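What follows is one structure encoded as structure tokens, with my remarks underneath.
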Amino acid sequence: NAPMTAISALLAALINLPLHAVAETVTVIHSLSDLPMDENGHLSSHVLAYPNSGPCASLIESNMPNRGGLYNHVPIAVDGDAATALFGDEIPDGSEDHPVEDVSDCPAVCLDRGVDAELVAYPIPENYYNPKEDENHNSFSNFVASLSCGRVEFGFINYTPNTLSMYWVDHKGNEVYLNPLERLEKNTRFIHTSIGHRFVFKDQGNRLFLDHTVEFNGVIGISNHINKHRHRDIRSEVQSTMRGEWSKHLQVKRTFSSLGFNKGRLPDDVFGSMRSYWYNNRDPPHRLQEEWDSKGLYVNHWESDCNFIQIPWDLKKIWQYRLKDVVQEWVGVEIEQTDLYGIRQYEAGARLLTHVDRITTHAVSLIVNIAQGNLTAPWTVEVYDHADRLHEVAMTPGDIVYYESAKALHGRNTPLAGGFYANVFTHYRPIGDPSWYTKENPEGTPEPLIDVGECKLVGKPDEYSAGAVQCDNPAIGPHLSPKMITATSGEDLYQLWLSVGPSYEDETKKATPEKDEL
């Protein structure tokens, strides 16, 4: 292994090494629709945007990194509506009201490649030049080289048969040994690096397995995982699992809301950040099969691929911190972060068994739909309220479902009809209180909505989140399932799973799927 002093020197070099030539001319646009977009309507390159008006344009251009320090960011000056969309109405113009003494008084922002055209006007705050509050922005060139712009977090996962050696390749083509990369998801290695940096992975025989140049925040697999499915009695195991989940949901005494769930919408900037990350990593070898060999049968991985895109730690923290405020506003109590999981991408035929989440840590949670495509029918999230009535919530990308995930039974038993469906799950609990579920509701907690009077189907049996079932008490909301099910036991959960899924003989299931996405 390389000595620690050598690695420290190498990491310093990774931060400061310039890689790409600065454009000799700068494009000026007046509308964000003039930004470079790909055939799917996503930003086709990283962009460094700044105002074209007043003294800031010349100040930024004179402080822009030379020797190629833009890390594949295209510099674009914005005017008119584009400037207002990114920087607001009060762009410093050098006047007495908006003085400009140096470049630190000027706004700039880095736009992530892959963001949707309709979300490009909403960068996360971390992407803005902020020298007064961010010590990594103490010069404009350092801003461009920071995690706000050209510096990224990238992960590597090894699914080859053996441990690999990881090398960084310098600008002269020399391979510098970094560390071993052991097998499986638990040994994923995320590193801070810069856009344009190159890494290679070799086995003990010096055979090359990966040669990759980093282009964005992301992750990449070296080969892919294949889930092995042992012979099992699926129906019997599901029935037993449903009984267990029913018992677990009864252990939770405390509630936070009248129904146990609600539907909402992501903030645009968080949605844009999630969408760009998913879009850039949506295909293999970035998207890999999720490891389900020893995780039970909550996801039917033996029938439908369940894919996974790991999220870098720094980006995960940004998302979870922002989403905590959204969930905290819903529950009305102070909460702390416990977990964020995803991105899980379900494929055609996927099912998720009704279940509740980890009782000590998953008090209140969010389901976030980042992307879906080519569905022939809505894939509703099935959630039971505090009276164990079944609701089915239809989601579109950017929608969120708040839910009390350790108490409110939830799942997606109906098979996904075509296409794909990509979600993130984020979880919280009351601050410092792992035994929250044993306690009575504090004063001011909304009363659980139990009696809603008579309910009847007034819409279509396949109409979701549109008030197809109406009750005497309208507080029940628009999501009651047209199936009009009220569960009384785990057997009811099992019968729903049977009724909406395909029929098959357990004995005919193959031991191991033969599919490899790479």
Side-chain angles (χ1 to χ4, degrees), residues 245-246 249-250 252 254-267 271 323 325-333 335 352 354-357 362-369 372 375 377-414 421 423 425-428 441 444-488 492-493 496 500:
E245 295 300 317
W246 180 265
H249 105 285
L250 296 176
V252 179
R254 183 172 177 181
T255 61
F256 297 87
S257 62
S258 60
L259 283 175
F261 78 96
N262 203 352
K263 183 179 176 181
R265 189 76 183 166
L266 275 176
F271 185 32
L323 294 176
D325 293 339
V326 174
V327 178
Q328 192 162 270
E329 184 177 354
W330 176 58
V331 297
V333 299
I335 55 177
L352 178 65
T354 302
H355 65 286
V356 287
D357 293 343
H362 293 28
V364 288
S365 305
L366 282 183
I367 301 169
V368 180
N369 182 232
Q372 55 180 269
L375 273 62
W379 199 42
T380 60
V381 54
E382 303 150 356
V383 57
Y384 291 82
D385 65 21
H386 293 318
D388 296 316
R389 292 172 294 243
L390 176 64
H391 300 249
E392 294 193 68
V393 185
M395 302 178 71
T396 59
D399 283 344
I400 55 178
V401 171
Y402 311 87
Y403 62 123
E404 300 178 28
S405 57
K407 182 173 180 60
L409 288 154
H410 55 279
R412 295 179 191 261
N413 288 282
T414 300
Y421 205 98
N423 283 349
F425 310 89
T426 182
H427 306 283
Y428 308 87
N441 287 348
T445 302
E447 287 293 325
L449 184 61
I450 304 300
D451 184 8
V452 294
E454 182 182 358
C455 301
K456 52 186 161 183
L457 181 64
V458 297
K460 300 176 182 178
D462 59 352
E463 190 175 6
Y464 306 108
S465 295
V469 177
Q470 294 187 4
C471 303
D472 292 340
N473 186 346
I476 193 65
H479 305 295
L480 265 177
S481 171
K483 297 180 181 70
M484 299 186 69
I485 292 174
T486 298
T488 60
D492 290 335
L493 308 181
L496 174 63
V500 298

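Predicted model only: the values in this text are computed from it and were never measured.
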- Task: Begin from the C-alpha positions of V383 and H479 and carry the test side chain to side chain contact (heavy atoms under 4.5 Å, CB included) through to its verdict.
- Result: CA-CA 9 Å; V383 57; H479 305 295; over 6 Å; no
CG of L409 to CZ of F261, rounded to nearest 0.5 Å, is 13.0 Å
R265 and T396: CA distance, side-chain angles, deciding distance, side chain to side chain contact (heavy atoms under 4.5 Å, CB included) verdict = CA-CA 10 Å; R265 189 76 183 166; T396 59; 3.7 Å; yes
Output for pair (I367 CD1, N423 CG), nearest 0.5 Å, gives 7.0 Å
Taken to the nearest 0.5 Å, the spacing of E382 CD from N413 CG works out to 4.5 Å
Contact check, side chains of L266 and V368, non-hydrogen atoms, under 4.5 Å: yes
Residues P448 and T255: closest non-hydrogen pair is CG-OG1, 3.9 Å
d(L493 CG, I485 CD1) to nearest 0.5 Å is 9.5 Å
task = For K263 and M395, indicate whether the former's side chain and the latter's backbone hold a donor-acceptor pair under 3.5 Å.
result = no
Of L259, V327, V356, D357, the one forming a side chain to side chain contact (heavy atoms under 4.5 Å, CB included) with Y403 is D357
- Message: Using a 3.5 Å distance criterion without hydrogens, assess whether the side chain of H410 forms a donor-acceptor pair with backbone atoms of H355.
- Response: yes
Which of S465, S481, P478 passes side chain to side chain contact (heavy atoms under 4.5 Å, CB included) with V393? Answer is S465
Looking at D472 and E454, would you say the former's side chain and the latter's main chain have a donor-acceptor pair under 3.5 Å? yes
Here the pair of heavy atoms bringing S365 nearest to S405 is OG-OG, 2.5 Å
Of all heavy-atom pairs linking R389 and L449, the shortest is NH2-O, 2.7 Å
From the list V333, N441, T445, side chain to side chain contact (heavy atoms under 4.5 Å, CB included) partner of F256 resolves to V333
(message) Test your reading of the model: is there a side-chain donor-acceptor pair from E404 to the backbone of H386, 3.5 Å cut-off?
(response) no
One should read off an interatomic distance between L480 CG and T486 OG1, to the nearest 0.5 angstrom, of 8.0 Å
- Stepwise, does the side chain to side chain contact (heavy atoms under 4.5 Å, CB included) test hold for W246 with D388? CA-CA 10 Å; W246 180 265; D388 296 316; 3.5 Å; yes
Taken in chain and number order and not counting sequence neighbours, the residues that satisfy side chain to side chain contact (heavy atoms under 4.5 Å, CB included) with E463 are K460, A466, A468
In short, L496 meets Y384 closest at the heavy-atom pair CD2-OH, 3.5 Å
Interatomic distance, OH@Y402 vs OG@S257, rounded to 0.5 Å, equals 11.5 Å
Contacts of E392 meeting salt bridge (Lys or Arg N to Asp or Glu O under 4.0 Å) (sequence neighbours excluded), chain-then-number -> K483
Check your understanding: Counting distance only, does the side-chain N/O of R412 pair as donor-acceptor with the main-chain N or O of W379 below 3.5 Å?
Key -> yes
Between V452 and C471, the two heavy atoms sitting closest are O-CB, 3.6 Å
Shortest non-hydrogen pair, Y464 vs A394, comes out as CB-CB, 4.2 Å
Review point. Does any non-hydrogen side-chain atom of D385 lie less than 4.5 Å from one of H391?
Key: yes
With ring centroids as reference points, do H427 and H362 lie under 6.0 angstrom apart?
-> yes
